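Let me begin by presenting the structure, written as structure tokens, before commenting on it.
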Amino acid sequence: MTKYDPRSLKADEFINDEEIRATLAYAEENRNNVELIDRILEKARPVKKGNGCTCAGLTHREASVLLACEIPEKIQRMYEIAEEIKLAFYGNRIVLFAPLYLSNYCVNGCLYCPYHMKNKHIARKKLTQEEVRAEVIALQDMGHKRLAIEAGEDPVNNPIEYILDCIRTIYDVHHKNGDIRRVNVNIAATTVENYRKLKDAGIGTYILFQETYHKESYLKLHPTGPKHDYDYHTEAMDRAMEGGIDDVGLGVLFGLELYKYEFAGLIMHAEHLEAVHGVGPHTISVPRVKKADDIDPEMFDNGIDDETFTKIAACIRLAVPYTGMIVSTRESEEVRKRLLQVGISQVSGASRTSVGGYTEPERPHDTEQFDVSDQRTLDEVVHWLMDTGHIPSFCTACYREGRTGDRFMSLCKNGQILNCCHPNALMTLAEYLEDYASPETKETGYKMIEEELKRIPSDKVREIATENINEIRSSNRRDFRF
Ligand code: SAM
């Protein structure tokens, strides 16, 4: 039997099955323990400190008690605190991005993914560098500044050199006033050496979903291919960090296994990164299994309803307050709206999950990874965010200014968010409004900017941000940042 050790570098020890089972039993025993629940909720609340705020976060055991609790007023309290935390650290800004599918060649056998090797009727496609350029131009023409590149695992068709070429091409495209300023990467687990190459290519976050933390299920769900190796996959973030990547993004594919098990595993993974590398995950994504080519989500028994999904998101927010949270267009407008209230800080917009999808006039389905629920245009998403009180942000300043890993957190703790992230969001929104927005979105946007500029505490910063926005409106100068 292996022993739980968050500091260990062995998958079975830091994601320890016995510890997860003990956690679930503890959570079940205490799910009506109001006194304990209140204490945990109190611990999760943000506390004022100097000009800023701090948050203690929760252990996987504490957070699991909240997730198990079914007392309506306590759940309501979780949602309120989740929103408090989100406003304290992320304000009303929502960062926008789009996925870019490079290749759907894949040698794995993942049972939930239509790119699995045995799928002989899905069209296989890999973008050439010319096609990458065309996709990037289409994305820039929508207004995107931040991409997440996606590829199947295939050492022959998609070797690391191909991914690196694509990253170079993406950063090299400057169409009209457009540019992609942050490329996040979602590719299969790889070696320290390859992570170092990705770091040197200037990537933002390295994203890798665990899919499931339940080892036995993991092995069944990934019956063939390199991804079958649970330990190699689970230890990938440690190799990424060893390779110099500070910002890593975790995620579980909800629906594959019991959500309480996954949740405990996810928080333990975050605790492990913090314990070993001194910095937790930069983001956590919460994808749910979707219908896709030869995939029917009903094949899996563990689908979760929207209410449970919202509760999971709120509990993640309470447990890891400084970690960004991402919801994709797998979810509908309605679900996304609900999740925005409990802690989501990033959303994708106008996504196409097919290889080469952005250059097609109609949404193609032949190479698609999964059905997209939210099919609105980026302009519609931007307008909707503003209508629901959020500032759509295209900011990429942090990592470009070297604020990666724990350096972003010190910004939160020192109360500098409103003097830094807030004006950056407004300046990048102004770029969007000037270069890409519809007249209605532009009108709403500038009204929002006028109001939001008033919230910048420092007179000096407010003055500079206002000047920069005027410059954006009257010239082609772009990319101002604090
Ligand atoms: N190939 C990479 C790997 O091995 O991790 C990741 C890229 S894959 C294009 C991105 C993610 O899509 C996967 O990690 C998985 O969680 C998710 N995904 C796969 N099939 C899905 C489906 N049917 N519905 C929703 N998400 C799915």
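Since this is a predicted model, take the numbers as computed values, not measurements. Read the numbers this way: they start at 1 and go in the same order the structure lists the ligands and their atoms.
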Of all the non-hydrogen atoms in the protein, which one sits nearest to [atom], and at what distance?
atom                    : answer
atom 6 (C) of ligand 1  : Asn186 OD1, 3.4 Å
atom 14 (O) of ligand 1 : Glu211 OE2, 2.5 Å
atom 1 (N) of ligand 1  : Ala151 O, 3.0 Å

From [options] - option closest to [atom] by heavy atom:
atom                    : options                        : result
atom 5 (O) of ligand 1  : Asn108, Leu102, Leu208, Leu256 : Leu208
atom 8 (S) of ligand 1  : Lys291, Gln210, Lys227, Gln369 : Gln369
atom 24 (N) of ligand 1 : Glu153, Lys290, Arg330         : Lys290

### Query
With the threshold set at 4.0 Å, does a side-chain nitrogen-carboxylate oxygen contact exist between Arg288 and Asp305?
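Not counted as a salt bridge, because no side-chain N and carboxylate O are separated by less than 4.0 Å.
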Are [X] and [Y] in a cation-pi setup, meaning NZ or CZ lies under 6.0 angstrom from the ring centre and within 45 degrees of the ring axis?
X      : Y      : result
Arg181 : Tyr171 : no
Arg338 : Tyr79  : yes
Lys291 : Phe370 : no

### Query
By number and element, which atoms of ligand 1 are closer than 4.0 Å to a non-hydrogen atom of Arg288?
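Reading through ligand 1 atom by atom, the close ones are 25 (C).
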#### Entry: Atoms of ligand 1, numbered as shown, that sit under 4.0 Å from any heavy atom of Val289
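Here the atoms of ligand 1 in question are 24 (N), 25 (C).
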### Query
Could you state the interatomic distance from CG (Leu256) to CG (Leu111), rounded to the nearest 0.5 Å?
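Answer rounded to 0.5 Å: 9.0 Å.
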